[in-house]
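These numbers come from the heavy atoms of this one structure, side chains and all, not from hydrogens, waters or symmetry mates. Naming convention: chains lettered A, B, ... in sequence-line order (proteins, then strands); numbering from 1 in each chain. Bear in mind that the values here come from a model prediction, so they are computed numbers and not experimental data.
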There are 2 protein chains.
Amino acid sequence: MARVAGVSQATVSLVLGDKWAGRVSERTAAAVRAAARELGYRPNLAARSLRLGRTRTALLVVPALTTEFFARVYTGAARVAAEGGFGVVLYPSPEGVGPARDPFDSARASLDGVIASSMAADALAAVRGGGLPLVMLDSSPDETAAAATVNLDIADGMRQAAGHLLGLGHRRIAHVAAAVDTWTFRVRARALAAAVGAVPGASLHTETAPLTVDEGRRAAERALTHPGPRPTALVCDDDILAAGACKAARRLGLRVPDDVSVTGFDDLALATAVDPELTTVRLPAEAVGAAGMRALMAVLADEPARDTSLPVELVPRGSTGPPPR
Amino acid sequence: MARVAGVSQATVSLVLGDKWAGRVSERTAAAVRAAARELGYRPNLAARSLRLGRTRTALLVVPALTTEFFARVYTGAARVAAEGGFGVVLYPSPEGVGPARDPFDSARASLDGVIASSMAADALAAVRGGGLPLVMLDSSPDETAAAATVNLDIADGMRQAAGHLLGLGHRRIAHVAAAVDTWTFRVRARALAAAVGAVPGASLHTETAPLTVDEGRRAAERALTHPGPRPTALVCDDDILAAGACKAARRLGLRVPDDVSVTGFDDLALATAVDPELTTVRLPAEAVGAAGMRALMAVLADEPARDTSLPVELVPRGSTGPPPR
DNA sequence: TTGAAAGCGCTAACAC
DNA sequence: GTGTTAGCGCTTTCAA
């Protein structure tokens, strides 16, 4: 552009790169900017990346975007990235995008770093060995390969949910657990077991289900029709399962929360779309994405990226109440 | 890489680019591939883009990903893109990602083309004038700026929904309409009015609401408490609004579908998460994204990209039934 | 304060 | 069949 528009060539780079401290006269700088605006000039990113060897682009590895939770993680990451002049490309693992087996190929960009959810474990193998800085989301804090981790205080969230139910007087509790072998769900199971185990006379039964409404319903039906006294509370590993659990209860002629209480996890839009609204543990999804991106940018800038832990919060709503009788 | 690993340099390009028809010996080709695998060689995309002047990257402009519908559109587009060696970057307009006002900047990539939802109209202004091939999704078919359009037969969907209710005997119908001034919603209103108007004795009342559960509930409450005989069916512009409408009915002590029928639009996961499950019009979101990407790739290849229209389908479920008495 | 020149890694035309 | 070469648009010394 420059060569035509005004004065020089390298000068343009300096001006547009805000690196003209005392190297370019105010006059020429202004001229350059004017010309740039006039021509609608956009520096060629490919050339810049080639020259710099950095792309200012991060890869976000998530298990399918169609889960609102990860869509929100993306949103948070993208916001922070944009503020820092970075971009984010997505690698939705298996089910989502089909045959794009290679993350470095699926994203048509060279990458500076990777942010990965622990739930996309299978895709992680491919990412490892890329030699790129890696930030792990919601994973075991002693994750070794990661340059930094962003964690949610999942255990505390589950303690809050359990405490809420136990405080209401529930003693027979069933866990509708996600059939996903991942740190975050293992923590939920462990924290719930610990909380229930600490209360004399309280008992816990577990059913597992893939993360769909229908499977959640089936698992909840199993829990509610299991031989022996019926549980009075269903603790579900996420809101999707909880929605299924509510349907199960209703199918069995039970009212929520009068006959059985139900709790979820995540606080998706779904939680307030169902009736009664779900008591659930709110996970700050956007904050997770934002913190992940911030951590990655810090690592890339050789700043110390300390591990982050984000608090979570129980949101009591209509799906829980005292046990019957 | 090549220079070190085996024989030459340009040869590598030919082999890895699958352009060695009768120009490279089978032996050397094999050698190159072996070396590439050994070194874990990845061609530098930035350099390739720079050389080629094309990036094999498309921009998808959507209004916020956190709507499951657009997450699915993205998934479909990404799948087709990956199959064709393309990439997709996202530009979620306003609310989603904050200050990334410039789509060409927000996506840290140079772009070959743009796929835009008509619902992201505000962002479109920025995209226009980029001089890039543009594919419009779910927009007015006589959209001029677009090189191709992918449409849903929204009008037919609404006719099916209206026909379903009218066939069940409903005559007092209320439209819970999206407060979004966009082609797709204007079509819904028009098609519904036409269908109801064609039946003697049938009447239509309209309330509008922003696309949230809560606003849907409020609008439905207004519709159900409006002076005069109560509507027996609520036709909602999407599933989110329909979920709100169900809550409204229940708050007013009305049963769904015994006292009032409710229909949605989209067939999100939400539609089967609520109880009763929503009768709704299924929009093939992934197919929209896929068709959009296919059309864009065709345009970029100078192939004739004819406009596409995708059929939609009513899915009758538990939220509709005959009117009371 | 500005310009000239090199080179990032790749592809395509051309020479051998 | 294979190697040489030029050049994509940018940033960054280095000279002027």
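In this structure, B/Asn44 atom CG and D/dC10 atom C1' are separated by 13 Å, rounded to whole Å. Across the protein-nucleic acid pair, A/Asp18 atom CG and D/dT12 atom C1' stand 17 Å apart, rounded to whole Å. The nearest whole Å value for the distance from the CZ atom in B/Arg42 to the P atom in C/dC10 is 12 Å. The CG atom of A/Leu16 sits 13 Å away from the P atom of D/dT12 (whole-angstrom rounding). Across the protein-nucleic acid pair, B/Leu45 atom CG and D/dC10 atom C1' stand 17 Å apart, rounded to whole Å. Rounded to a whole Å, the CZ atom of B/Arg27 is 13 Å from the P atom of D/dG1. Rounded to an integer number of Å, the gap from CD of A/Glu26 to C1' of C/dT2 is 16 Å. Taking atom CZ of residue B/Arg48 and atom P of nucleotide D/dC10, one finds them 20 Å apart after rounding to whole Å.
Taking only side-chain nitrogens and oxygens, B/Ser49 never comes nearer than 4.0 Å to OP1 or OP2 of C/dC10. The shortest distance between the side-chain N/O atoms of B/Arg51 and the OP1/OP2 oxygens of C/dG9 is not below 4.0 Å. For the pair B/Tyr41 and C/dC10, the criterion of a side-chain N or O lying under 4.0 Å from OP1 or OP2 is met. The phosphate of D/dG3 has OP1 or OP2 within less than 4.0 Å of a side-chain N or O from B/Thr11. Taking only side-chain nitrogens and oxygens, B/Thr28 comes nearer than 4.0 Å to OP1 or OP2 of D/dT2.
Between the side chain of B/Ser139 and the backbone N or O of B/Met136 there is no donor-acceptor pair closer than 3.5 Å. Using modelled atom types, no side-chain atom of A/Asn151 and backbone atom of A/Leu137 make a donor-acceptor pair closer than 3.5 Å.
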Exercise for the section: May I have the step-by-step check of salt bridge (charged side-chain N to carboxylate O under 4.0 Å, His left out) for A/Arg33 and A/Glu26, ending in yes or no? Expected result: CA-CA 11 Å; A/Arg33 275 191 294 255; A/Glu26 178 62 67; 3.7 Å; yes
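Two residues, B/Ala10 and A/Leu50, neighbour DNA chain D, and the one matched to the more 5' nucleotide by heavy-atom proximity is B/Ala10. The nearest heavy atom of DNA chain D to A/Gly17 and to B/Val24 marks one nucleotide each, and the one closer to the 5' end goes with B/Val24. In terms of position along DNA chain C, the nucleotide closest to B/Ala47 lies nearer the 5' end than the nucleotide closest to the other residue of the pair B/Ala47 and B/Lys19.
With respect to A/Arg56 and A/Asp112, no salt bridge is recorded, no charged nitrogen being found less than 4.0 Å from a carboxylate O.
If you check every strand for non-hydrogen atoms under 4.0 Å, B/Leu14 touches nothing.
Looking only at atom types and distance, the side chain of B/Ser118 has no donor-acceptor partner in the side chain of B/Asp138 under 3.5 Å away.
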